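What follows is a set of notes on a single structure, which appears directly below.
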Amino acid sequence: MPIIETKNLSFIYGKGTSIEKLAIKNINLKIESGEFIGIIGHTGSGKSTLIQQLNGLLKPSSGQILFNGKNIWEASSDIRSIRFKVGMVFQYPEYQLFEETVFKDIAFGPLNMGLSVNEAKKRVLDAANFVGLDISLLERSPFEISGGEKRRAAIAGVIAMDPDVLILDEPTAGLDPIGRDLLLSQITAYHKKRKNIVILISHSMEDIARISNRVLVLNKGEVAMFDKPAAVFARAKELTDIGLKLPQIASIMLKLRNKGYKIPNHILTVEEAIDAIYRLAING
Amino acid sequence: MKAFIDVDHINFKYDSGENSKDVLSDLTIQIKKGEFLAIVGHNGSGKSTLAKHFNAMLLPTGGKIFVSGIDTGEECSKYEIRRRVGLVLQNPDNQIVASVVEEDVAFAPENLGVPPKEIRKRVDEALKTVDMYDYRKSVTFKLSGGQKQRIAIAGIIAMLPDCIVLDEPTAMLDPKGRDEVLETIRYLNRERKITVILITHFMEEAIFADKIILMNKGKIALQGSPHEVFAQVELLKECKLSLPQCTQLIHALKARGLSLPCDVLNENECVAVLEQLLEGKKCR
């Protein structure tokens with residue numbers, strides 16, 4: 001049974017007003033335990049609207065969201081507990097830090113869930129560890145640490161709730177390349193260890209191609225593709241038509257292939273490309 | 001000929017305390033009229049601090065900066081400098097002031113006391129330049145990130161500046177928005193002869209510049225043409241910058257002993273270089 005399932009999910013902003021807008025339309029998804037899902041789509045394609053429905057922040061205009069087979073908006077369902085189980089890291093989450101110390105900020109979620117002080121403390125330390133936040137920072141004010149550290153503290157606050165599903169909306173936006181790579185490797189290591197579901201929105205095709213095991217492509221509020229990265233990025237023309245791109249390396253390989261060179265058609269990372277080109281250059 | 005912007009041995013620190021560190025130390029840069037300069041560096045390298053010096057938002061702690069011969073430290077010339085050198089920031093939502101596109105673009109010339117007829121002319125012209133004329137009556141909050149950034153750029157153009165400084169203008173945009181903004185920047189430089197200073201940590205964007213300055217720890221680590229800078233792979237890595245995938249690929253193949261040039265900047269150059277390498281290896 002999928003952990004998350006959506007059935008004919010649609011959402012309309014400002015229903016019945018002059019600015020009424022259909023943001024997502026008829027979305028049917030099944031996400032299984034242990035998956036790492038990447039979501040791509042141009043601005044306004046419905047990415048944020050979709051994920052805000054997955055943890056019950058927005059109520060669907062029609063259709064259903066099932067969590068462990070149960071409709072989260074059913075009368076008997078406890079929507080507050082869904083928000084603990086489906087943790088959400090918004091864009092620029094560091095603007096939401098508010099406590100006196102980094103420790104208290106990360107502990108806010110676990111304590112709100114009703115955990116004991118001791119248990120919450122353990123959660124804070126584990127979460128800080130996952131995101132590579134130095135323990136010595138925990139007693140500092142969240143407003144006197146660096147931007148990258150703030151971002152990590154904010155993500156740790158959601159990880160500390162130990163969610164079954166962790167959703168991150170562009171977690172690396174604004175970070176420099178090294179900071180980006182480091183944070184992504186920490187998220188993938190976390191996912192590997194925790195074996196929960198991670199759903200990540202990104203504008204970087206390179207990152208999505210490298211780290212997700214399925215990619216959801218949204219266009220104008222509808223699912224354009226939902227498949228393995230190799231299958232999604234094989235559809236170059238369709239992606240460019242909807243304002244997306246191939247990872248640069250995939251695009252180079254495609255150009256070479258179109259010129260008649262014997263390049264395998266599933267190359268998505270620089271490492272794969274190095275091997276393929278090297279082999280071809282040496283052996284032909 | 002004298003430089004348009006002359007940065008003469010400047011230092012800068014945010015805090016005047018004895019123990020505070022220099023954020024910028026002993027920088028000397030000359031920027032020519034009509035030049036396209038890219039300043040790259042990781043978070044905290046001092047590049048945004050430097051950007052704010054070009055239009056007197058910040059004043060150096062030591063040394064001087066001259067814009068068109070005017071010392072930025074002279075209080076009475078502040079407004080003249082800001083009219084000549086416009087600044088575009090990272091977050092499009094922080095720099096839109098009006099609810100209708102053309103009103104937003106008119107804000108700066110209105111403030112400068114430009115006669116209404118002339119404002120109309122400048123606004124239309126500026127909107128055509130950034131390819132947003134068709135949206136002149138639209139509400140600003142409904143625009144995409146890339147469109148908002150172009151409106152912000154139009155607002156600056158309407159002041160008829162000599163120079164535009166853009167501080168990570170694409171950090172929050174999707175791939176399409178990023179391309180739109182970059183295309184606009186290049187057009188301003190090429191066709192309108194406006195001096196452009198682009199601050200970015202995307203090496204992919206720096207390739208369009210005439211000259212790249214690489215910042216590290218508040219100092220200039222390297223400056224030169226894109227081809228010169230991209231050839232210094234080790235230094236770029238030391239300065240925590242990542243190379244475009246095409247450059248990474250060529251360098252890795254070179255490291256494996258294949259004979260290749262070391263300064264590949266973009267996809268097409270990469271494809272051309274690989275074609276030469278693989279000559280005669282097409283499948284029949």
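As the structure is a computational prediction, the values presented were derived from the model and not from experiment. Below, read A as the first sequence line, B as the second, and so on, with proteins coming before strands; counting in each chain starts at 1.
Across all non-hydrogen atoms, the minimal contact from Asn43(B) to Leu175(A) is ND2-CA, 3.8 Å. Closest non-hydrogen pair, Leu241(B) versus Ile178(A), comes out as N-CG1, 4.4 Å. Between Ser242(B) and Pro177(A), the shortest heavy-atom contact is OG-CB, 3.2 Å. Counting all heavy atoms, side chain and backbone alike, Gln245(B) lies closest to Gln248(A) at N-OE1, 3.1 Å.
Side-chain contact between Met253(A) and Leu249(B) is present, with heavy atoms from C-beta onward closer than 4.5 Å. Within the 4.5 Å cutoff, the side chain of Thr43(A) has no heavy atoms near those of the Gln147(B) side chain. A 4.5 Å side-chain heavy-atom check between Leu258(B) and Ile282(A) finds at least one atom pair inside the cut-off. Within the 4.5 Å cutoff, side-chain heavy atoms of Pro175(B) are placed close to those of His203(A).
For chain B, the nearby part of Lys245(A) is the side chain; its heavy atoms alone come within less than 4.5 Å. Neither the backbone nor the side chain of Ile250(B) has a heavy atom closer than 4.5 Å to any heavy atom of chain A.
Shown here is Tyr95(A), whose OH atom has no more than 12 heavy atoms of other residues, nucleotides or ligands within 6.0 Å. Residue Lys217(B) qualifies as open at atom NZ: its count of foreign heavy atoms under 6.0 Å is 12 or below. Annotation: Lys211(B), atom NZ; neighbour count of heavy atoms from other residues, nucleotides and ligands within 6.0 Å is above 12. By the neighbour-count criterion of 12 heavy atoms within 6.0 Å, atom NZ of Lys219(B) is sparsely surrounded, having that number or fewer from other residues, nucleotides or ligands. Residue Glu20(A) places its CD atom among more than 12 non-hydrogen atoms of other residues, nucleotides or ligands, all under 6.0 Å distant. Other residues, nucleotides and ligands contribute only 12 or fewer heavy atoms inside 6.0 Å of the OH atom of Tyr135(B).
For the atom pair CG of Leu278(B) and NZ of Lys262(A), the computed distance is 11.0 Å after rounding to the nearest 0.5 Å. Interatomic distance, Arg180(A) CZ to His201(B) NE2, rounded to the nearest 0.5 Å: 6.5 Å. Taken from CD1 in Ile40(A) to CG in Asp174(B), the straight-line distance is 11.0 Å, to the nearest 0.5 Å. Within the model, atoms CG of Asn91(B) and OH of Tyr92(A) stand 6.5 Å from one another, a figure rounded to the nearest 0.5 Å.
Of the listed residues Ile263(A), Asp181(A), Leu256(A), the one with more heavy-atom pairs under 4.5 angstrom with chain B than any other is Leu256(A). Ranking Lys237(B), Glu267(B), Lys142(B) against chain A, the residue ahead of the rest is Glu267(B), based on heavy-atom pairs under 4.5 Å. The choice from Gly147(A), Gly174(A), Pro247(A) that makes the most heavy-atom pairs within less than 4.5 Å of chain B is Gly174(A). Listed options Gly44(A), Ser251(A), Ala273(A), Ala173(A) were ranked by heavy-atom pairs under 4.5 angstrom with chain B; first place goes to Ser251(A). Among Glu275(B), Lys240(B), Glu279(B), Met203(B), the residue making the largest number of heavy-atom pairs under 4.5 Å with chain A is Glu275(B).
Legend: salt bridge (charged side-chain N to carboxylate O under 4.0 Å, His left out) pairs involving residues 36-49 of chain B, not counting sequence neighbours, sorted by first then second residue: Lys47(B)-Glu168(B). Listed by first and then second residue, the salt bridge (charged side-chain N to carboxylate O under 4.0 Å, His left out) pairs involving residues 252-265 of chain B are Asp275(A)-Arg256(B) (not counting sequence neighbours).
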Original post:
Going through the checks in order, is the side chain to side chain contact (heavy atoms under 4.5 Å, CB included) test met by Gln248(B) and Ile249(A)?
Top reply: CA-CA 10 Å; Gln248(B) 288 178 32; Ile249(A) 204 74; over 6 Å; no

